[in-house]
Each structure stands twice: as C-alpha cells, then as structure tokens.
Protein chains: 2
Amino acid sequence: MPSKPYHHGDLRRALIEAAVEIAREHGADEVSLRRVARHAGVSHAAPYHHFPDRTALIAAVAEVGFRALANDVSAVERSIESPRERLHEAGVAYVVFAVSNPEQFRLMFSREIADSTPYPDLHAAAADARAGLERAVAASRLGSGTTSEPIDVAAAWALVHGLATLIIDGQLGNEAASPEGAAALSRAAIHAFWSQRS
Amino acid sequence: MPSKPYHHGDLRRALIEAAVEIAREHGADEVSLRRVARHAGVSHAAPYHHFPDRTALIAAVAEVGFRALANDVSAVERSIESPRERLHEAGVAYVVFAVSNPEQFRLMFSREIADSTPYPDLHAAAADARAGLERAVAASRLGSGTTSEPIDVAAAWALVHGLATLIIDGQLGNEAASPEGAAALSRAAIHAFWSQRS
DNA sequence: GCTCGATGTTGACAGTGGTAAGATTCACGC
DNA sequence: GCGTGAATCTTACCACTGTCAACATCGAGC
C-alpha cells in the first residue's frame with residue numbers, strides 16, 4: 001500500500017479543506033500556511049505550488065464561503081412568497097450563516113481580501129452572494145419610491161452585516177451565539193425598523 | 001546634551017502613540033510590538049515592562065479610541081434638540097469616526113480584544129461609547145412601544161457598525177471613503193429605514 | 001550613600017511568510 | 001517501451017514576529 005505517495009493527487013482541494021477545518025476548530029487567525037500544510041501532511045513549501053501566497057489560499061477559502069452564503073440566501077428566496085417577508089428572511093439567513101460558520105465568515109471579510117479584484121473567482125462568488133440581497137431588496141422595494149435603490153441595498157446589507165459581525169464577536173450577548181438565537185435576534189432587529197409602519 | 005537617557009520617562013504613552021501612528025500610516029495589521037518599540041526608539045523587549053503582552057498594548061490603543069468615539073457621539077448628543085434627529089446624527093458620528101480613523105477603528109474591534117473583560121479600562125471606555133448610543137435610542141424611542149429597548153439598541157448599533165465596517169473595507173464604493181461621503185451615505189441609509197413613515 | 005525595585009538591553013527560542021535549489025514523479029512524444 | 005521536460009514536493013535558508021531569561025543601568029527612599 002502506497003501510504004504516502006510523493007505526489008498528493010489533489011493537494012489544492014485538500015489545503016482548502018484543511019484551512020476550513022483549522023479555522024473552525026482553532027479560529028480564523030490560526031490559519032497559517034505552514035499549519036495548513038502540516039494538517040494536509042505535506043511540507044511547508046508545498047502550498048506554494050498551488051497558491052502564490054497566503055492571501056491566495058484565504059481567497060480560495062473565502063470563495064467557497066461566499067458560494068455557500070449565496071446558496072443559503074437564494075434558498076430562502078425561492079421558498080417565500082411575500083416580497084417583504086422574503087427580504088427579511090434573506091437577511092436572517094445572512095446572519096444565521098455568519099453565526100453558523102463564524103470563522104469562515106471572518107475569513108470572507110478579512111482585510112487582506114477586502115479588495116477581491118486580484119481573485120476573479122472570489123470576486124464572482126462574492127458578487128453572487130450580494131446579488132441575492134439585491135434581488136430581495138429590489139423586489140420588496142424597501143423604503144418609499146423616493147429613495148434610490150443602491151442606498152436601500154447598502155442599508156439592508158449594513159444592518160445584517162453589522163448584526164453578523166457584532167454577534168460573532170460576542171458584542172450582543174451570548175443568547176445570540178446560537179443559530180436559533182441569532183435568527184430570533186436578527187428577526188427582531190429587522191422588525192424593529194419596520195414595526196413603526198405596520 | 002543627554003541625547004538618549006537610559007530611562008525613557010514616559011514610555012508607556014510613547015508606545016501607545018507609536019502604535020496609533022503606525023496603524024494610521026501602515027495599517028492596523030502592521031502594528032507589531034517590535035515595530036512599535038523601534039518607532040519609540042527602545043529595544044524590542046522594553047514594551048514588556050509596560051504591557052504583559054501584545055494584546056495589552058492593542059487594548060490600550062483601543063481604549064483611547066473608544067474614548068474619542070464616546071466623545072464624538074456625546075458631542076452630537078449635546079448639540080441637537082430633536083430626539084429623532086439626535087439619534088440619527090449620533091449614528092452618523094459613529095460612522096464618520098470609523099471612516100476618519102479606520103485603522104484605529106479596526107484595532108478597537110479586532111478579535112483579540114473582542115472580550116474586553118481582562119482589560120477593565122478598555123471595558124469601561126467601550127461601555128461609555130455604547131452608552132452614548134443607548135441614551136440616544138432611549139430618548140428617541142426607536143420603533144413602536146411594543147418593541148423592547150435592547151433590541152432597538154442592537155438594531156441601531158448593527159446598522160451603523162455595519163455601515164462603518166463595510167465602508168472602511170471599501171465594500172460600499174469609493175465615494176463613501178471620505179468623511180463627507182460617509183456622512184452622506186449613512187444619513188441616506190438611516191433615512192431609508194425611516195422614509196416610509198414620513 | 002546604599003540598596004532595591006523599576007526600567008532598559010542583549011540574546012535566545014519557536015513560529016511565521018516567502019524564496020531557492022534539489023529530488024521525485026507524471027505525462028507525453030518518439 | 002522509453003526518455004525528457006514540466007509539475008510537484010522536499011530541504012534549507014532568510015527576515016520577521018511574540019515572548020522569555022539574564023543582565024545592565026538608573027532613580028527614590030532609608
């Protein structure tokens with residue numbers, strides 16, 4: 001049995017999975033190239049044959065994260081009739097994703113890849129995720145007709161993104177740390193902004 | 001002339017200022033203990049006589065940041081009559097502070113000090129800043145009387161915090177990068193949530 | 001005026017991202 | 001079948017980081 005062939009076979013994928021696992025178990029800032037390589041059973045320089053540098057690995061991990069987020073958001077989109085309700089639940093899905101995968105979420109919005117233009121695949125995945133929110137906002141026509149749409153998208157995104165980051169940093173209490181608690185809190189927060197109308 | 005006395009005199013303060021300056025000029029993640037020490041003109045181990053570890057230095061920097069933020073927010077509080085307007089402008093001040101001091105803002109919400117309980121002074125400063133928003137929310141009674149107040153605070157905080165983080169990460173376009181642009185954007189976003197009422 | 005604690009320095013260690021040079025193996029043309 | 005070049009992986013370095021231990025220097029109070 002070739003227990004350890006010289007060539008790994010699918011090291012790129014293995015490195016990404018190792019990074020996700022290390023992030024989940026030890027935190028996003030424990031994801032170092034060397035540790036990822038160790039976890040995948042290769043030498044510390046092997047990753048450089050698949051990623052030009054550490055940032056590129058993070059970008060790849062973030063890319064799969066954005067794809068999962070886009071998936072979660074559009075699943076909600078397909079399952080709800082009322083445009084207003086659909087927007088609300090898309091926001092809840094955003095927050096729940098962050099709370100369910102806090103370390104990956106942190107990686108997705110880590111500073112080194114804030115400008116995603118050098119990573120086209122990441123850029124596309126992030127745009128897809130954002131497009132989900134944009135569709136939900138456009139359909140529900142948040143605000144009166146006088147406000148321009150980009151502002152509505154920015155406001156909606158900011159609200160759920162703020163909830164997500166504050167919750168996963170523990171700033172909004174421990175009840176919100178669980179996906180159920182996060183869903184309840186974000187639903188309540190969203191309704192707080194709309195309750196004055198109903 | 002004693003160009004370099006053996007003892008610095010006020011090294012603790014000098015280290016904090018050096019950290020702020022390095023963050024401003026080179027980015028928050030360039031703030032290393034050794035670089036800060038170098039910038040202050042002392043050896044790389046000198047900081048350990050004033051801070052137990054790197055995190056404690058970050059906590060000290062974040063503390064002055066939170067004090068400045070609390071100051072900015074309560075300055076707005078004192079200058080505006082209408083409770084509703086006061087809440088809105090307190091939120092704008094939060095975002096403008098972040099955009100005006102992006103690297104310090106990042107330090108203030110960096111993960112290593114997300115739990116501020118080991119740093120009582122930082123904890124108090126952060127609580128002061130938050131208290132500003134809480135007062136503004138309580139006075140304006142965001143939402144109808146049926147929503148509980150902590151939710152209102154969380155929602156308001158999440159909105160402005162989300163705006164702040166998204167803007168300083170460049171996710172909301174370059175127009176928002178300037179303090180004026182950020183003020184305009186955040187005012188519009190806040191009004192987007194209220195316009196449906198007026 | 002001496003001593004002791006506070007403050008500073010030098011030197012070491014393990015860990016990191018990154019590069020260079022060499023080893024191994026795969027794929028493909030003959 | 002077989003060689004040869006490219007892709008992959010390894011070992012060995014470099015500079016940098018946080019942190020600690022040992023030692024040097026100074027100031028404040030007895």
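Just so it is clear, the structure is predicted and the values come from calculations on it, not from any experiment. Naming convention: chains lettered A, B, ... in sequence-line order (proteins, then strands); numbering from 1 in each chain.
- A salt bridge does not link Arg67(A) with Asp121(A): none of the charged nitrogens is closer than 4.0 Å to a carboxylate oxygen.
- Glu89(B) contributes atom CD, which lies 7.5 Å from atom CD1 of Ile190(B) (distance to the nearest 0.5 angstrom).
- Rounded to an integer number of Å, the gap from Asp10(B) CG to dT7(C) P is 11 Å.
- Residue Leu11(A) contributes atom CG, which lies 16 Å from atom P of dT25(C) at whole-angstrom precision.
- Under a 4.0 Å N-O distance rule, the pair Arg111(B)/Asp169(A) does not qualify as a salt bridge.
- Rounded to an integer number of Å, the gap from Leu15(A) CG to dC9(D) C1' is 12 Å.
- Of the residues in residues 43-53 of chain B, those lying under 4.0 Å from DNA chain C by heavy-atom distance are Ser43(B), His44(B), Ala45(B), Ala46(B), His49(B), His50(B).
- Picking from dT19(D), dT17(D), dG17(C) the nucleotide with the shortest atom distance to the side chain of Arg54(B) gives dT19(D).
- Regarding His26(A), its NE2 atom lies at a distance of 15 Å from the P atom of dG15(C), rounded to whole Å.
- Linking Ile, Leu, Val, Met, Phe, Trp and Tyr whenever their side-chain heavy atoms come within less than 4.5 Å leaves Val95(B) and Val76(B) in two separate clusters.
- The shortest distance between side-chain heavy atoms of Asn71(B) and Phe66(B) does not fall below 4.5 Å.
- The side chain of Arg38(A) places an N or O atom within less than 4.0 Å of a non-bridging phosphate oxygen (OP1 or OP2) of dT16(C).
- At a cut-off of 3.5 angstrom, counting only N and O atoms as typed in the model, there is a donor on one side and an acceptor on the other between the side-chain of Arg34(B) and the base of dG18(D).
- The separation between Asp29(B) atom CG and dG17(C) atom P is 14 Å, rounded to whole Å.
- Ser178(B) contributes a side-chain N or O that, together with a main-chain N or O of Gly181(B), makes up a donor-acceptor pair within less than 3.5 Å.
- In this structure, the side chain of Arg12(B) does not engage the main chain of Phe51(B) through any donor-acceptor pair within 3.5 Å.
- Between the Arg86(A) side chain and the Glu81(A) main chain, a donor and an acceptor come within less than 3.5 Å of each other.
- Rounding to whole angstrom units, CD of residue Glu112(B) and P of dG18(D) are separated by 10 Å.
- Proximity of Phe105(A) to Val99(A): side-chain heavy atoms (C-beta onward) are nowhere separated by under 4.5 Å.
- Between the P atom of dC9(D) and the CG atom of Leu33(A) lies a distance of 14 Å, rounded to the nearest Å.
- An end-to-end axis angle of 10° holds for the helix from dG1(C)-dC30(D) to dC30(C)-dG1(D), taken from five base pairs per end and rounded to 10°.
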